[in-house]
Undergrad: 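Quick one: the structure is below, questions incoming.
All values below were derived from every heavy atom in this structure, side-chain atoms included, with hydrogens, water molecules and symmetry-related copies excluded.
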Amino acid sequence: MIFRNVRLRNYKLMTKLMITYLLLTVIPISVLGYVAYSQYTNSVEEQVGEYIPKLLEQANGNIDHHLDEMKRLPDSLYNSPQVIEILRKDSYQSKSNLLRDEFLVNSFLSRTYINGGNSDILGVFLLSKNRLYKSTKVTYSGLGLESSFLPYGQDLDLEGKEEVLLPYETNLKFKGNPPFILLMKQLRDFENQENLGTMLIAVELTFFEKALSNLKEEGHSSIWMTDSAGRIFFHTDPEFIGKFDDKYSEYPRINGSFRTTGLSDNDLISTANFQGNDWKIFHSIPLSDLTQEADAVRNGTIIVFILVVLLSIGISILLAWNVSNPLNKLAKLMKQVEKGNFNVDLLIDSRDEVGTLAKSFNSMMQEINQLIKKNYQIELRQKDAELYALQSQINPHFMYNTLETIGYAVEEEETEVVVKMVTLLGRMLRYSLNNKDRVVPISFEVLHTNNYLTIQKFRFEDRIHFEIYEEIDTNRFYTPKFILQPIIENAIKYGLEEYQTCIIEIFIRKTANNELMIKVKDNGPGIDETVLSKLNGSLGKDPMAGRNSGFGLRNVHARIAMIFGDPYGLEIKSKVHEGTEVIIKIPMLTGEEAANISGGVESA
């Protein structure tokens, strides 16, 4: 059904072989390679999609563990009774005492937190009874007693819990704008059951990068963390910190991995939730990174596949050509045979089916040539017999008219005229009896016609006038015998029946198509249009069928067509009371060409 729809049977054999090769080799292998590559990339994607969330959960655990350690840092303050006593003080009697206590607390904060071996701490702030104690690695801004972003001092009640403030939730800024989180814990005086103040520890997020270091090694990946509103507080690209993730609402709420569809094309995104916070961590990696090795193998395979396909196509073309080329030769030879050229030979030496077909074809053409030669010889003998019969029919008709004319001259006792007419008759009889000549120089036919008209002029005296116009060399070109006399006989017969004078003009010229035209024109009564149509139509009929009024014209036309073919012969043009024109069309036949015609020629 498929082949019928695409009309494969109308294609050339070589095209069919190439299409078959593509259907059976190139296309299946291409589909198989594509399916294998797709399966492999999907497998890699699934494995990475399962592997990355596990790493994220592990990283979450590490981050939670580190945060727990950070949250226990304020408890170190209880190891210094001196600092606790300072924080219990409600007022000072002198400023010097106040400055001394500030120095003592700040020194403790520096020793314990800044210089205590924890490199992630950017600064420590202690707010107590409208007093601010601090120690930082770098300069800062945005945090002071005048700040109103937190209820400092005794009014703050966290009920003993720790709070984590993200960078955008505080006005605190450090030099260089490093990313950080702010751990906030309320300090309690367990002896007096009062609040001592609030400690703020700014922790740089470098520990996030350490915890996520294994994930960052995964190609061109991106890692970011957001709060419950989708605001980014950590990102491997610092430019995104503090911005909202505009795709946050479209991400799944469960841990796992998914391929982006309309989010960021061709990325694999993994997500995990923090257990102790409303934070979410995301990991994004381009699929091209996951399939980089597979793509390299794929590209190499494609190159090898293309080379193999090109090589195999070349081999298949060579094989298809070896099969189709002999058949194409056979088809071309068959076309020559259709045009009539049977002298062909298919030279193929192979012993396969095509070689057997070539031998059978050559044998068949030999038999056909032999049969053609036999039939051709039979046809030539038949045509010679027909021509001889036609010419024999003309001779009695010509003799009767000529002798009748001489009889008229004898009755009139015109001795000179009789001698002249007998002489002309002798020439005409000698020309007529030479039956072996099928074509003669035009000058011979013109001389014979001139003799005949001269005899007729003797008979009818001044009633006949004729002129012969030769526009070519009549000795060089040849024509069939006796083609003018029957036409002139008709002109004289019908012309003298209605008119006193019969004028005959004969024109011999070369046409624009390089053909010979002989036109016989008279001033006779002409032919009715209906009769003319029937007369022209009867020219192709059998001239042997009967001797009616059109016998002479059909005879001439049949002999010309028999020698030169159907395109040549007679054409009659006439109008009533305006005369008749008989046009003879034959090829420009020279002596060399005339010699090839059966029967020979008579030299000029």
Undergrad: If I take atom NZ from residue K534 and atom CG from residue L539, how far apart are they, to the nearest 0.5 angstrom?
TA: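 CG of L539 is found 14.5 Å from NZ of K534.
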Undergrad: With sequence neighbours excluded, tell me which residues meet side-chain contact (heavy atoms from CB on, under 4.5 Å) with L307.
TA: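 By the side-chain contact (heavy atoms from CB on, under 4.5 Å) rule, L307 matches I303.
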Undergrad: L447: which residues meet the side-chain contact (heavy atoms from CB on, under 4.5 Å) condition with it, sequence neighbours left out?
TA: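 In terms of side-chain contact (heavy atoms from CB on, under 4.5 Å), with neighbours along the sequence ignored, L447 is linked to N451.
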Undergrad: What are the two closest non-hydrogen atoms of P587 and L516, and how far apart are they?
TA: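 Taking every non-hydrogen atom into account, O-CB, 4.1 Å.
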Undergrad: My understanding is that only residues two or more places apart in sequence, or in another chain, count here; which of them pass side chain to side chain donor-acceptor pair (under 3.5 Å) with R463?
TA: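 Expected list: none.
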Undergrad: If every non-hydrogen atom of L570 is compared with every non-hydrogen atom of V582, which pair is closest and at what distance?
TA: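 Distance-wise, the nearest heavy atoms are CD2-CG1, 3.9 Å.
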Undergrad: Test the K481-F444 pair against the cation-pi criterion, namely NZ or CZ under 6.0 angstrom from the six-membered ring centroid and within 45° of the ring axis.
TA: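 No cation-pi geometry.
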Undergrad: Which pair of non-hydrogen atoms, one from Y431 and one from V440, has the smallest distance, and what is that distance?
TA: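 Scanning both residues completely, I find the closest heavy atoms to be OH-CG2, 3.4 Å.
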Undergrad: If a pair satisfies ring pair (Phe, Tyr, Trp, His ring centres under 6.0 Å) and one of its residues is in residues 495-525, list it, with sequence neighbours excluded.
TA: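 Output for this query lists Y469-F507.
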Undergrad: So does K573 have more than 12 non-hydrogen atoms from other groups sitting under 6.0 Å from NZ?
TA: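 No, NZ of K573 has 12 or fewer neighbouring heavy atoms, counting only those of other groups under 6.0 Å.
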Undergrad: For a quick test of reading the model, state the closest non-hydrogen atom pair linking H448 to F482 and the distance between them.
TA: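 That would be NE2-CE2, 3.7 Å.
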Undergrad: Could you check I584 against E571 for side-chain contact (heavy atoms from CB on, under 4.5 Å), going step by step and ending with a plain yes or no?
TA: CA-CA 7 Å; I584 303 172; E571 180 184 1; over 6 Å; no
Undergrad: Any side-chain heavy atom of I518 sitting closer than 4.5 Å to one from L484?
TA: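 Yes; the side chains approach each other to less than 4.5 Å.
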Undergrad: I'd like to know if the side chain of S538 and the backbone of L535 have a donor-acceptor N/O pair within less than 3.5 Å.
TA: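 Pair found, side chain donor or acceptor close to backbone of L535.
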Undergrad: T423: what forms a side-chain contact (heavy atoms from CB on, under 4.5 Å) with it, not counting sequence neighbours?
TA: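 For T423 the side-chain contact (heavy atoms from CB on, under 4.5 Å) partners, ignoring immediate neighbours, are V419, R427.
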Undergrad: Do the non-hydrogen side-chain atoms of V446 and I508 ever get within less than 4.5 Å of each other?
TA: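 Yes, side chains in contact.
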Undergrad: Can you check side-chain contact (heavy atoms from CB on, under 4.5 Å) on I504 and V520, steps first, answer last?
TA: CA-CA 7 Å; I504 298 174; V520 179; 4.2 Å; yes
Undergrad: Quick one: do F477 and I472 satisfy side-chain contact (heavy atoms from CB on, under 4.5 Å)? Show the steps, please.
TA: CA-CA 9 Å; F477 298 100; I472 62 172; 4.0 Å; yes
Undergrad: With the side chain counted from C-beta on, respond yes when T454 and M421 share a heavy-atom pair under 4.5 Å apart, and no when they do not.
TA: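 Result no, sub-4.5 Å side-chain heavy-atom pair not found.
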Undergrad: At their closest point, which heavy atom of Y478 faces which heavy atom of G591, and how far apart are they?
TA: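 Scanning both residues, the minimum pair turns out to be CE1-CA, 3.4 Å.
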Undergrad: Hey, are the side chains of V439 and T479 touching, using non-hydrogen atoms and a 4.5 Å cut-off?
TA: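 They are not in side-chain contact.
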Undergrad: What's the spacing between I487 CD1 and K521 NZ if we round to 0.5 Å?
TA: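 One finds 15.5 Å between CD1 of I487 and NZ of K521.
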Undergrad: Say you draw a straight line from CG of N450 to CD1 of I506; how long is it, rounded to the nearest 0.5 Å?
TA: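 Reported value, rounded in 0.5 Å steps: 8.5 Å.
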Undergrad: What side chain to side chain donor-acceptor pair (under 3.5 Å) pairs are there with at least one residue in residues 575-588, not counting sequence neighbours?
TA: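 Those involving residues 575-588 are S574-T580.
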Undergrad: Would you check if the side chain of D522 reaches a backbone N or O of I503 as a donor-acceptor pair within less than 3.5 Å?
TA: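 Here the side-chain-to-backbone pair does not exist.
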Undergrad: So, using side chain to side chain donor-acceptor pair (under 3.5 Å) as the criterion, who are the partners of E416 when residues are at least two apart?
TA: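 With sequence neighbours excluded, E416 shows a side chain to side chain donor-acceptor pair (under 3.5 Å) to no residue whatsoever.
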Undergrad: Could you check Y452 against Q456 for side-chain hydrogen bond (donor to acceptor under 3.5 Å, both in side chains), going step by step and ending with a plain yes or no?
TA: CA-CA 6 Å; Y452 172 74; Q456 296 289 22; 2.6 Å; yes
Undergrad: Just to verify, what does K493 make a side-chain contact (heavy atoms from CB on, under 4.5 Å) with, not counting sequence neighbours?
TA: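 Here the qualifying residues are E497.
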Undergrad: Go through the structure and list residues passing side chain to side chain donor-acceptor pair (under 3.5 Å) with E470, not counting sequence neighbours.
TA: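 E470 satisfies side chain to side chain donor-acceptor pair (under 3.5 Å) with T474 once adjacent residues are dropped.
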Undergrad: For the backbone of E529 and the side chain of S533, can you confirm whether one donor and one acceptor N or O come within less than 3.5 Å of each other?
TA: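 No.
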Undergrad: Roughly how far apart are C502 SG and I488 CD1, rounded to 0.5 Å?
TA: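 Rounded to the nearest 0.5 Å, the SG-CD1 separation comes out at 10.0 Å.
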Undergrad: Answer whether the closest heavy-atom distance between the side chains of I492 and L453 falls below 4.5 Å.
TA: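 A side-chain contact under 4.5 Å exists here.
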Undergrad: What residues form a ring-ring contact (aromatic ring centres under 6.0 Å, His included) with F244, not counting sequence neighbours?
TA: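 Checked F244 against ring-ring contact (aromatic ring centres under 6.0 Å, His included); zero matches.
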Undergrad: Can you list every side chain to side chain donor-acceptor pair (under 3.5 Å) pair that touches residues 503-520, not counting sequence neighbours?
TA: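 Qualifying pairs, neighbours excluded: E471-R509, K510-N514.
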Undergrad: Can you confirm whether I586 sits close enough to P480 that some side-chain heavy atom of one is under 4.5 Å from a side-chain heavy atom of the other?
TA: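 Yes, close enough: below the 4.5 Å cut-off.
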